[in-house]
Engineer: 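Could you have a look at this structure, given as structure tokens, before my questions?
Sequence positions, counted from 1, serve as the residue numbers for this chain. All of these numbers come straight from a predicted model, not from anything done at the bench. Excluded from the calculations below are hydrogen atoms, water molecules and symmetry mates; all remaining heavy atoms, backbone and side chain alike, are included. Whatever order the structure lists ligands and atoms in, that order sets their numbers, starting from 1.
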Amino acid sequence: MKISSVTLHPIAIADPPLRSSYGLHAPFALRTIVEIKSDDGITGFSETYGGDGPLGALEAMKPRLLGMNPFRLAGLFQSLTGSSSDVPGGHSQTWLVPGENPLDLHTRTFAAIEIACLDLIGKAVNQPVCEVIGGRVRDEVCFSAYLFYKHGGGGGIGSDKYDDEYGEVLDPAATVREARQMIKQYGFREIKLKGGVLEPSLEIESIRQLRQAFGEYVPLRIDPNCAWSMDTSVEVGRALQHELSHGGYLEDPCAGLDGMAEARRRLTSDGIHTPFASNVAVTSFPDVVQAAKYDSVQIVLSDPHYWGGMRQLQFLSHLCGTLGMGLSMHSNSHLGISLMAMTHVAAACPNLTYACDTHYPWQSARDEVVEGGRIKFHNGAVAIPDKPGLGISIDWDQLARGRERYEKIPYRKRDDQAEMRQHVDPNWKRVLPRW
Ligand code: GKR
Ligand code: MG
């Protein structure tokens with residue numbers, strides 16, 4: 001079998017004005033849909049980061065992919081990324097939003113190709129992707145309610161504004177309202193709050209109110225994306241020692257493996273064992289080894305989109321298991337193709353110890369490119385469909401609409417600081433640590 005064509009579909013999808021320590025989400029998030037066809041007429045799809053950077057990197061791969069056997073992926077990975085020990089640590093990730101880090105440029109590009117090839121292979125052998133990569137260990141994958149502080153608005157621009165399902169969420173009471181609404185609709189059984197936006201005392205209060213509202217058996221996590229100093233991280237860890245117990249965690253409270261190691265040491269010496277998780281300080285295999293050595297991080301947030309695809313994620317799952325670390329999954333704004341890729345790989349990772357993150361509730365049914373509409377959740381979980389490949393097909397009219405939206409908007413890169421300056425505070429700057 002040979003790859004006979006590669007088509008890239010740049011699209012824009014509405015995104016509400018969500019806040020994080022990076023700034024503010026733009027009215028549209030950018031994605032790229034990758035379509036790979038074989039000479040025997042089978043097509044595989046994947047979804048990845050959008051805009052000029054990812055698109056250009058994938059475009060440049062076309063000559064190498066045409067004529068390549070889609071089963072032969074290991075050699076392509078090797079030639080793109082070199083040996084894994086050459087991959088440097090992820091320091092610039094502290095400053096750059098995921099998808100913009102030059103350190104994982106090649107693993108991101110490879111992942112988009114690998115996942116589309118696996119979809120194609122699954123269709124060719126009439127098996128779901130999770131079986132192709134070694135076999136599922138679970139039939140459904142649990143996701144968490146991913147709460148954000150946000151301004152009013154549902155995303156979109158001008159006359160093409162989208163409905164705002166959740167309203168403004170800028171205080172603890174509104175956070176509980178957002179959680180109730182999201183859990184009612186999707187049935188999530190774990191909660192993650194994106195922090196690093198309000199004063200730490202208000203974010204502590206948000207977590208406390210969530211605990212009061214949902215009880216001690218719903219695990220809670222908070223992720224300020226490094227907005228806190230090491231001292232503040234310790235203070236928050238102390239204040240929330242009960243709320244973040246029972247399967248919760250503290251995610252990237254401060255910057256860097258050293259800072260987290262010190263915060264962890266100070267908390268454990270107080271008898272507080274809340275685990276730390278990371279998708280900022282730990283973005284490559286050498287980072288995992290360092291994090292384990294210094295006990296900076298106990299849970300790695302994997303993400304097939306930038307860790308180098310599904311098989312690299314399985315290696316990561318095994319490595320974390322070997323090192324006694326837990327595994328969860330990170331997410332960025334995405335549609336159903338990404339959600340199904342995340343679900344398939346999570347189903348085939350034995351060491352997956354937490355519900356995965358997903359931004360999916362923040363995207364609109366109006367933008368879904370999967371035929372049949374939005375992927376369904378039952379009790380916060382997505383089931384592996386009884387279909388080959390990723391188990392999805394494309395709604396071509398919807399994909400064309402996504403491409404039209406992309407052509408209409410002026411930007412080609414995520415820039416949360418610029419959005420923040422334009423809509424909230426003209427002098428806003430990402431400062432780390434902010435508190
Ligand atoms: O979408 O603003 C956001 C998130 O902060 C995202 O960029 C992060 O990658 O969800 C992420 C995380 O750090 O967990
Ligand atoms: Mg995070």
Side-chain angles (χ1 to χ4, degrees), residues 13-31 48-51 90 92-101 103-104 108 143-151 155 169 190-198 203 220-228 233 244 248-257 260 275-283 287 291 296-307 326-335 338-339 342 354-363 413-420 423-424 428 430 432 434:
I13 59 177
D15 210 15
L18 306 181
R19 290 281 300 275
S20 76
S21 84
Y22 296 109
L24 174 71
H25 280 212
F28 289 101
L30 309 176
R31 302 294 283 167
T48 187
Y49 297 97
S92 65
Q93 187 84 339
T94 308
W95 290 97
L96 300 171
V97 287
E100 299 289 341
N101 186 354
L103 298 178
D104 49 50
R108 271 183 274 134
F143 290 86
S144 59
Y146 196 166
L147 310 180
F148 277 79
Y149 295 113
K150 68 181 280 293
H151 297 276
V169 180
E190 298 187 25
I191 297 176
K192 162 164 169 169
L193 173 62
K194 175 59 62 179
V197 174
L198 307 178
E203 298 196 349
L220 299 173
R221 5 178 146 147
I222 181 164
D223 173 16
N225 285 116
C226 318
W228 302 332
S233 303
L244 299 181
Y249 53 74
L250 197 50
E251 183 175 328
D252 288 306
C254 52
L257 292 177
M260 279 199 279
F276 284 8
S278 181
N279 65 277
V280 177
V282 181
T283 61
D287 293 336
S296 322
V297 166
Q298 294 70 47
I299 299 150
V300 177
L301 282 115
S302 61
D303 183 335
H305 300 92
Y306 68 81
W307 272 90
L327 191 80
S328 184
M329 194 179 285
H330 164 269
S331 135
N332 279 121
S333 313
H334 65 89
L335 292 178
S338 277
L339 180 63
M342 292 155 72
Y354 295 86
C356 302
D357 291 355
T358 177
H359 275 243
Y360 201 59
W362 295 109
Q363 265 55 70
K413 190 176 176 324
R414 176 175 170 184
D415 189 345
D416 292 24
Q417 176 167 286
E419 287 299 315
M420 194 69 188
H423 299 286
V424 182
W428 195 86
R430 187 164 194 236
L432 294 182
R434 188 173 295 281

Engineer: Quick one: look up the protein heavy atom nearest atom 9 (O) of ligand 1 and list residue, atom name and how far away it is.
Structural biologist: H330 NE2, 2.6 Å
Engineer: So which protein N/O/S atoms does the Mg ion (ligand 2) have within less than 2.8 Å?
Structural biologist: D223 OD2, E251 OE2, N279 OD1
Engineer: Report, in ascending order of atom number, the atoms of ligand 1 lying under 4.0 Å from any heavy atom of H25.
Structural biologist: 1 (O), 2 (O), 3 (C)
Engineer: Using 4.0 Å as the upper bound for N to carboxylate O, is an ion pair formed by E100 and K413?
Structural biologist: yes
Engineer: With heavy-atom distances below 4.0 Å as the criterion, list the atoms of ligand 1 near H359.
Structural biologist: 1 (O), 3 (C), 10 (O)
Engineer: Which residue from V197, D223, N332, D357 reaches closest to atom 7 (O) of ligand 1 through any of its heavy atoms?
Structural biologist: N332
Engineer: Within the side chain of E203, is there an N or O that forms a donor-acceptor pair under 3.5 Å with the backbone of L198?
Structural biologist: yes
Engineer: Kindly say whether H359 contributes a backbone atom to a donor-acceptor pair with the side chain of S331 at under 3.5 angstrom?
Structural biologist: yes
Engineer: Find all atoms of ligand 1 within a distance of less than 4.0 Å from any non-hydrogen atom belonging to E251, and give their numbers and elements.
Structural biologist: 14 (O)
Engineer: List every atom of ligand 1 that sits less than 4.0 Å from any heavy atom of R414, numbering the atoms from 1 in the order shown and giving each element.
Structural biologist: 1 (O), 2 (O), 3 (C), 7 (O)
Engineer: Y149: which residues meet the side chain to side chain donor-acceptor pair (under 3.5 Å) condition with it, sequence neighbours left out?
Structural biologist: S206
Engineer: Using the test salt bridge (Lys or Arg N to Asp or Glu O under 4.0 Å), find all partners of D303 that sit at least two apart in sequence or belong to another chain.
Structural biologist: none
Engineer: For R221 and A355, which heavy atoms make the closest approach, and how far apart are they?
Structural biologist: NH2-O, 3.0 Å
Engineer: For ligand 1, which atoms sit closer than 4.0 Å to a heavy atom of N225?
Structural biologist: 5 (O), 12 (C), 13 (O)
Engineer: At a 4.0 Å threshold, what atoms of ligand 1 neighbour a non-hydrogen atom of F148?
Structural biologist: 1 (O), 2 (O), 3 (C)
Engineer: Output all residues satisfying salt bridge (Lys or Arg N to Asp or Glu O under 4.0 Å) with D15, sequence neighbours left out; order by chain, then residue number.
Structural biologist: none
Engineer: Tell me which protein heavy atom sits closest to atom 10 (O) of ligand 1, plus the residue, atom name and distance to 0.1 Å.
Structural biologist: Y146 OH, 2.4 Å
